[in-house]
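Only this structure's heavy atoms are used, side chains among them; waters, hydrogens and symmetry mates stay out.
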Amino acid sequence: MPLQLDAFSGSLIERIAAAVQDAVHRRQWRAGEQVPSIRQFAASHGVSTFTVVEAYDRLVADGVLIARRGDGFYVRPRAGSSQIAIPRQPQKTADAYWLIDNHFNPADSDRQPGSGWLPADWYDQNGLARSLRALGRDPQPPAHYGDPMGLLRLRQTLAANLGAQGLPATPDNILLTQGASQALQLVIKMLVNHGDVVLVDDPGYCNLITLLKMAGARVIGAPWTAHGPDTAQLAQLMQTHQPRAFFTNPRLHNPTGASYDHATAHRVLQLAEQHACWVVEDDVSAALAEPGSTPLQALAGTQRVIHIGSVSKTLAPSLRVGYVVANDEVIDALVNHKMLTGLTSSLINEQLAQSMLADGSCRRRLQKLRDRLLAANLAARSGFEALGWPVFAEPAPSLFAWVQLPPALDAVHCTEAALQQDILLAPGVLFRVQPEATPWLRCNVAHLAPEVFAFFASCDSTQ
């Protein structure tokens with residue numbers, strides 16, 4: 001029976017958490033009982049799975065539910081007591097999740113500076129169409145399961161491309177995945193145990209932070225500068241917490257657009273070696289990085305660094321093709337996890353990606369895309385300078401600019417006002433380990449239409 005969410009106040013996440021706590025208190029949901037899965041709860045209550053994930057995550061943190069990996073959520077048994085944990089006080093800024101997830105259905109327009117993707121016409125639509133037609137002409141199209149490691153020809157192509165950047169990549173130590181998101185999930189399953197301390201970029205990739213918390217990790221943010229993580233603070237965090245791993249996005253960072261400089265890269269690797277800490281390098285925008293920038297794995301090899309990349313990030317998001325480069329022991333473990341959770345990846349998608357990468361125009365198209373993104377970054381900086389809003393990092397061929405609002409403007413309130421005009425923003429709180437108020441916005445430079453800057457100017461004029 002669905003819970004009565006309307007009986008409680010607050011954001012949708014807060015109402016779900018309160019309703020579950022009430023059900024436990026009244027023993028409608030009994031100690032030790034498995035509760036509805038995230039998808040079941042979302043479907044029966046007419047809410048999104050993202051919202052249920054956040055609510056369940058709070059309930060686990062509050063000691064109301066326990067998460068059993070691969071088996072779902074259960075009401076926490078209470079030995080000798082029927083009392084439930086006192087709910088923590090909600091952070092006001094967590095409303096940003098509710099605002100974006102429940103009150104905006106992104107339209108196909110150029111007013112989505114909070115999005116994480118390029119406009120449709122920035123991708124190689126013609127190349128994708130050619131590859132689809134070629135695959136359709138195949139008298140024996142791929143209708144079977146592929147190799148658990150992924151399409152060999154694509155792994156060979158990636159090994160050649162990555163080897164040119166200095167990575168120790170071979171077809172045998174590359175595992176193809178269903179996008180970089182699955183790659184992250186597999187690495188987390190393989191590497192992180194419940195209670196392990198892990199470090200992440202702060203600010204950092206919001207989906208990664210959520211995945212780590214769902215795995216039961218103790219997630220701690222390593223503050224960022226315009227040249228990568230603050231290595232002095234990173235050294236202190238590693239000394240204090242002895243983390244299992246540091247998950248980092250070293251090139252064209254999401255959300256700031258910044259990249260490691262050479263000294264930062266060497267210092268991070270030195271600290272990882274000193275504290276026996278894995279480095280998981282999330283390098284999904286590598287194809288956009290300027291020639292000459294060096295991946296961490298190219299500097300340190302595969303014994304300490306796991307490299308994650310994406311093919312579909314710049315070819316077409318619908319392809320969902322990512323990859324992991326790691327040592328043999330790690331790859332073997334990841335293949336086992338991949339087979340258990342999803343069998344093989346999509347052979348059809350991998351063939352399409354291989355066809356597009358092998359197209360003679362691919363290299364030229366990527367350079368044009370870099371140039372276009374750099375021009376968009378320069379235009380964005382000019383627009384924000386006219387407003388007097390600081391931009392975190394120097395312009396680069398990145399999707400993102402990290403922009404600081406004036407003290408009188410609240411990022412979440414600004415987001416709420418933007419939604420009323422069908423403009424999607426991404427307030428900085430979404431990218432923090434703790435949902436703390438922050439004056440920053442992540443802006444996708446490819447979606448900064450004049451109407452968006454007009455909205456920013458109207459906010460600025462009313463402060």
Side-chain angles (χ1 to χ4, degrees), residues 69-70 145-193 196 198-199 208 211-212 215 217 243-251 265-266 268-284 286 294-311 320-347 349-351 353-354 357:
R69 184 177 298 181
Y145 286 122
D147 187 326
M149 290 282 290
L151 181 67
L152 176 59
R153 284 178 306 176
L154 180 54
R155 287 187 281 126
Q156 291 170 334
T157 297
L158 288 173
N161 292 345
L162 295 170
Q165 300 178 49
L167 274 80
T170 71
D172 292 333
N173 72 346
I174 297 175
L175 173 67
L176 301 184
T177 60
Q178 296 180 44
S181 295
Q182 188 194 36
L184 283 171
Q185 291 173 330
L186 294 175
V187 169
I188 290 170
K189 284 180 179 293
M190 183 274 300
L191 198 62
V192 179
N193 296 312
D196 281 349
V198 295
L199 303 183
L208 168 65
L211 287 171
L212 288 167
R244 171 70 168 159
F246 175 34
F247 288 75
T248 186
N249 179 195
R251 296 196 286 180
H266 279 281
V268 167
L269 294 171
Q270 182 185 52
L271 290 169
E273 184 66 27
Q274 179 182 341
H275 295 283
C277 174
W278 282 97
V279 175
V280 181
E281 173 182 33
D282 183 7
D283 201 23
V284 293
T294 306
L296 297 179
Q297 197 180 71
L299 299 173
T302 60
Q303 293 309 304
R304 183 67 60 198
V305 180
I306 299 171
H307 181 95
I308 291 175
S310 171
V311 171
R320 307 307 305 140
V321 178
Y323 57 88
V324 182
V325 184
N327 64 45
D328 292 344
E329 183 179 358
V330 169
I331 290 294
D332 288 345
L334 293 177
V335 171
N336 287 336
H337 283 298
K338 177 182 175 182
M339 291 294 292
L340 286 170
T341 57
L343 297 179
T344 65
S345 41
S346 171
L347 180 57
N349 288 1
E350 290 168 359
Q351 287 191 343
Q354 166 61 22
L357 287 176

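A distance-only check finds a donor-acceptor pair linking the side chain of N327 to the backbone of T302 [under 3.5 Å].
Partners of H266 by ring pair (Phe, Tyr, Trp, His ring centres under 6.0 Å), not counting sequence neighbours, listed by chain and number: H262. Qualifying side chain to side chain contact (heavy atoms under 4.5 Å, CB included) partners for S346, counting only residues two or more places apart in sequence or in other chains: I348, N349. In this view, Q297 satisfies the side chain to side chain donor-acceptor pair (under 3.5 Å) rule with no residue, not counting sequence neighbours. Partners of A326 by side chain to side chain contact (heavy atoms under 4.5 Å, CB included), not counting sequence neighbours, listed by chain and number: I306, V324, V330, I331. In this structure D172 satisfies the salt bridge (Lys or Arg N to Asp or Glu O under 4.0 Å) test with no other residue, sequence neighbours excluded. Looking at residues two or more places apart in sequence or on another chain, you find no side chain to side chain donor-acceptor pair (under 3.5 Å) involving Q303. Shown here are the salt bridge (Lys or Arg N to Asp or Glu O under 4.0 Å) partners of D283, two or more places apart in sequence or in another chain: R251. In this view, N173 and T170 satisfy the side chain to side chain donor-acceptor pair (under 3.5 Å) rule, not counting sequence neighbours.
At least one side-chain heavy atom of V187 sits less than 4.5 Å from a side-chain heavy atom of F247. Counting heavy atoms from C-beta on, the side chains of S345 and R320 never come closer than 4.5 Å. Side-chain contact between D282 and L184 is present, with at least one heavy-atom pair separated by less than 4.5 Å. Put simply, the side chain of T341 reaches to within 4.5 Å of the side chain of L186, judged on heavy atoms. Within the 4.5 Å cutoff, no side-chain heavy atoms of L296 are placed close to those of H307.
Of all heavy-atom pairs spanning A183 and T177, the tightest one is CB-OG1, 3.6 Å. Considering every non-hydrogen atom in both S310 and Y323, the closest pair reads N-CE2, 3.6 Å. In terms of heavy atoms, E350 sits closest to L151 at OE1-N, 2.9 Å.
To the nearest 0.5 Å, atoms CG (L176) and CD (Q182) are separated by 10.5 Å.
Applying the salt bridge (charged side-chain N to carboxylate O under 4.0 Å, His left out) rule to pairs touching residues 322-343 yields nothing, sequence neighbours excluded. Sorted by first and then second residue, the salt bridge (charged side-chain N to carboxylate O under 4.0 Å, His left out) pairs with a member in residues 302-311 read E273-R304; sequence neighbours excluded.
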Let me have the donor-acceptor pairs involving side chains of residues 154-162, under 3.5 Å, with sequence neighbours excluded, atom names and distances please.
| residue | atom | partner | partner atom | Å |
| --- | --- | --- | --- | --- |
| R155 | NE | G150 | O | 3.0 |
| R155 | NH1 | P171 | O | 2.6 |
| R155 | NH2 | G150 | O | 3.2 |
| T157 | OG1 | R153 | O | 3.1 |
| T157 | OG1 | Q354 | OE1 | 2.9 |
| T157 | OG1 | Q354 | NE2 | 3.2 |

